[in-house]
Amino acid sequence: MPISPYRIMGALLRQRWHLPPIDPECCNALKQALGCDVSLAEIYLRRGLTTPAALQAFLKPETMDLPPPNAVFPDLDLAVELLQQAIARREKMRICGDYDADGMTSTALLLRALRHLGADIDYAIPSRMHEGYGLNERIVQECYDQGVKLILTVDNGIAALEPILKARELGLTVIVTDHHEVPPQLPPAHAILNPKLVAATSPYHSLAGVGMAYILALSLAQRLGKWRELVRPLRELCTLGTIADLAPLTGVNRRWVKQGLQTIPTSPLVGIQALMQVAGCLPTENTSLKPEAVGFRLGPRINAVGRIGDPQVVIELLTTEDAGRAQELAAICEATNRRRQELCAEIEAQAIAHLEATGFDPQQEWVLVIVRPHWHHGVIGIVASRLVERYGVPVFIGTYEDETTIRGSARGIPEFHVFQALETTRDLLLKYGGHQAAGGFSLRAEHLAPWRDRLREFARTCLKPEDLRPLVTLDAEVSFEQLNWDFYTQVEQLQPFGSENPQPIFCSRGVKILEQAPMGQQGEHLKLTLEQKGQRMLAKAWGWGQFFPLPPCVDIAYHLTAHRWNGEIQLELELKGVKPSLAWHLPDPPSPPIPQWHPLPPLTTLLPQLQDNVLLYGYGRPDIPPHLTRATIHYDRPRDRCRTLILWSLPPSVTHLRWLLAVAQPEVVYVGEQQPAIAPLTSLLLAVQNHLRETPQINLLALSQTYWIAPCTLVAILRHLGYCCEDFAPTLSITEELARLHRWYQLQAKDLARLAQRWGSPSS
């Protein structure tokens, strides 16, 4: 069975770690201005917080100077007027929502608000399995037949051109609230509220659908003078939907979510209280809820219902005033989420088993396209995200709706635009949609093979082989001695963490693993005791049991967390990445004298002329019989000064050449035209992996000469295999480095004579 391609040396995830560059001068200036740890200054800069004023606004979003919403959204006053008129006339209204967490919380928010304000309103949500996303003509016709006068969309509608045309023809009023990308042609709604229609610099630009619904509801309540009792419950629903939808926690989202998290633990909404109880995240003290409690506890229980259950359960849960009924509905959410977890685990295991059995290789395939029968369409998007985390490639996963039609979900990596990929293959698709990171599609089964080929072609236009690994983006490199409560408290001030403000990931190098043991029912997790320079830390590695035991000396990437146990709190690390720690040996080369450079004549002509010590160096160089010359021939490594240096072939790099010249100090150098036979890339990768199995000690000069490749080419290979190598300058891709190496080996004596005058970078 082939070695799993997502592992390095068959032992660890083959991750790529990225530490985004920052300006050292700017970092030092911010550190001095704030009087903070340099690592904190790095975190701030990597979030775009370049001044103390910007940091202050970020840490205290309640001080943000917000423009009034009706000055930002031109149709807001009109939408409020239309709703006010419909309420006054007792006209029937209907919300058209969506079946994801954003859509369901948006529906519940407006339903609760408008009923409180006296509206005659109900809702409709399309079938995930049979109709798909958004307002459709069936819902429009049903509204008309049942006497509905006004349709209000939430979290959808911006692309519902035909359904809204039909609604207008039938005389219905349509208000669209949405947050998805704006199509070339807007639908003919009476009013459209969408943050994507406002400037990208606006604090409102990143609103989720529920945030847009929140603005509309409060604006109407303020117009009617009934807003005070609505602000808190609506803000809590807005917080729930914003986090669950992974909306960016920047701008106004950050302000509202931070306020909502403070009040949710004592929410007046019995549905939220019941949901927190079944999810086990009711705070035991009078503290605010952390966003991860929403993102990993409450959000999944809401989303699960939309994926494999009836969205009406969630909407009733979030609008009921009956505590007993709320408990019943929360229990349904809990049971549905357990079933969702089981389905995800089953499908993920089947997908991995299939990929392992078929020897899936990201470097060969470029994208992962997997379609299997009998998978539940409602959860395959979650599985797609997990496969991206595991293999580090764009994933297109589908299942059969019937014998002829495939329906699926896609998830991307930062360098790959999912919607553009679907757009370039649209002639093979029945339906598609999405954005840069995710999308959905359907196609005829007969088109699957050519569609997969076209996706590979698209991937090759935007990806490099080294992009095809799981990505860990680091915020700062720290030592264990920095990890104290003061540091943790300052990091926690960046809460709430979420999309576009992720929980910081730190890295520490040369960490010793003193103890490690599997934990969990099936040993799926690891518990570790770590040490760096005498400082010890406890760590957990969730889902890393398959890699037990870890190497004894590693570099680690991790979150810094506070763990409560038996009434005590201690700092712990939550590992996000592990790599064997490399010990580098790369001394600085001395500056050599500059000799005379000549093309190498035939040895039969040159050898009789030579005297004293001669160094013969190069790939495939011959052995010289003693009777052919009066000179003393040294091979490969000079032991004494050698007046003459014969380069049968060039050394692997300028660095090697400078060492030879510095030690031998020749007066004359003869340059031959022999070129080393560089091993194929696959052989080089395997050889380096085998070397690292034996020892993590890297003598960069010695190892690069073993394979006749430049040190920078070796660094590119190590980066490709998942090692950090942050001590070295950026390299090109392996293929580009090999091409540069071939050009180096084609240099001749006159080229080296010019090069010797300036002695380029040692890594060139």
Side-chain angles (χ1 to χ4, degrees), residues 5 100 128-134 136 156 158-162 180-185 196 347 351 354-355 358-373 375-471:
D100 69 358
R128 173 189 282 270
M129 301 305 297
H130 303 295
E131 294 178 310
Y133 161 81
N136 58 51
N156 75 94
I158 196 67
L161 180 62
E162 295 300 327
H180 291 96
E181 295 297 332
V182 178
Q185 183 178 356
K196 295 299 188 296
I347 295 173
H354 173 76
L355 295 169
T358 56
F360 172 74
D361 184 354
Q363 307 296 322
Q364 298 295 323
E365 299 293 333
W366 293 83
V367 295
L368 195 169
V369 179
I370 182 168
V371 176
R372 309 292 287 173
W375 283 352
H376 197 295
H377 178 263
V379 301
I380 58 176
I382 299 174
V383 177
S385 297
R386 294 179 181 178
L387 294 177
V388 170
E389 293 177 2
R390 186 180 185 93
Y391 293 100
V393 297
V395 172
F396 295 78
I397 183 171
T399 189
Y400 290 90
E401 287 195 312
D402 52 47
E403 293 181 357
T404 63
T405 308
I406 294 168
R407 185 177 173 197
S409 295
R411 298 293 185 271
I413 60 177
E415 299 82 3
F416 184 94
H417 199 296
V418 169
F419 183 76
Q420 288 180 5
L422 295 172
E423 182 78 10
T424 59
T425 62
R426 61 185 179 274
D427 56 307
L428 296 176
L429 299 173
L430 297 173
K431 290 177 64 177
Y432 68 94
H435 47 82
Q436 177 168 350
F441 59 87
S442 63
L443 74 158
R444 298 289 184 197
E446 63 197 58
H447 292 154
L448 178 59
W451 183 60
R452 179 189 285 114
D453 292 339
R454 293 267 293 279
L455 288 173
R456 288 173 182 157
E457 292 173 10
F458 176 82
R460 290 189 181 98
T461 67
C462 56
L463 299 178
K464 301 186 290 292
E466 52 268 33
D467 296 331
L468 302 175
R469 302 193 308 274
L471 174 65

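Numbers here are sequence positions counted from 1. The figures that follow rest on heavy atoms only: side chains count, while hydrogens, waters and symmetry mates do not.
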Contacts of type side-chain contact (heavy atoms from CB on, under 4.5 Å), residue Thr461, not counting sequence neighbours: Phe458

Any Thr399 side-chain heavy atom under 4.5 Å of Ile347 side chain: no

By side-chain hydrogen bond (donor to acceptor under 3.5 Å, both in side chains), which residues pair with Gln420, not counting sequence neighbours? none

The criterion is salt bridge (Lys or Arg N to Asp or Glu O under 4.0 Å); which residues satisfy it with Glu162, sequence neighbours excluded? none

Salt bridge (Lys or Arg N to Asp or Glu O under 4.0 Å) with Arg460: which residues, sequence neighbours excluded? none

Rounded to the nearest 0.5 Å, what's the gap from CZ on Phe360 to CD1 on Ile370? Could you check? 9.0 Å

Under 4.5 Å between any side-chain heavy atoms of Leu468 and Leu463, yes or no? yes

Does anything in residues 408-421 pair up under salt bridge (Lys or Arg N to Asp or Glu O under 4.0 Å), and if so which pairs, sequence neighbours excluded? Arg16-Glu415

Non-hydrogen atoms of Gly392 and Ile413 that approach each other most closely: O-CG2, 3.8 Å

Results of salt bridge (Lys or Arg N to Asp or Glu O under 4.0 Å) for Arg386 - residues two or more places apart only: Glu348

Heavy-atom distance under 4.5 Å between the side chains of Leu455 and Pro394, does that happen here? no

Shortest non-hydrogen separation from Gln364 to Trp366 and the atoms involved: O-CD1, 3.4 Å

Going by heavy atoms in the side chains, are Pro183 and Leu161 under 4.5 Å from each other? no

Restricting to salt bridge (Lys or Arg N to Asp or Glu O under 4.0 Å), what partner residues turn up for Asp427, sequence neighbours left out? Arg454

Contacts of Phe419 that satisfy ring-ring contact (aromatic ring centres under 6.0 Å, His included) - sequence neighbours left out: Tyr432

So, do Ile380 and His377 sit near enough that their side-chain heavy atoms are less than 4.5 Å apart? yes

One should read off an interatomic distance between Asp467 CG and Lys464 NZ, to the nearest 0.5 angstrom, of 4.5 Å

Output all residues satisfying side-chain contact (heavy atoms from CB on, under 4.5 Å) with Lys196, sequence neighbours left out; order by chain, then residue number. Glu181, Val182, Asn194, His205

For residues 432-441, which residue pairs qualify under salt bridge (Lys or Arg N to Asp or Glu O under 4.0 Å), counting only residues two or more places apart or in two chains? none

Close side-chain approach of Asn156 and His180, heavy atoms under 4.5 Å: no

Nearest 0.5 Å please: distance from the OH atom of Tyr400 over to the CZ atom of Arg407. 16.0 Å

Report the residues that fulfil ring-ring contact (aromatic ring centres under 6.0 Å, His included) with His417, sequence neighbours left out, ordered by chain and then residue number. none

Measure the spacing between CZ of Phe396 and CG of Leu422 and express it to the nearest 0.5 Å. 5.5 Å

Got a second to check how far Leu368's CG is from Leu355's CG, nearest 0.5 Å? 5.0 Å

Distance-only check: which donor-acceptor pairs under 3.5 Å involve side-chain atoms of residues 438-451, not counting sequence neighbours?
{"unit_1": "Ser442", "atom_1": "OG", "unit_2": "Lys431", "atom_2": "N", "d": "3.2"}
{"unit_1": "Trp451", "atom_1": "NE1", "unit_2": "Thr425", "atom_2": "OG1", "d": "3.0"}

Supply the atom-to-atom distance Ile397 CD1 to Ile406 CD1, rounded to the nearest 0.5 angstrom. 12.0 Å

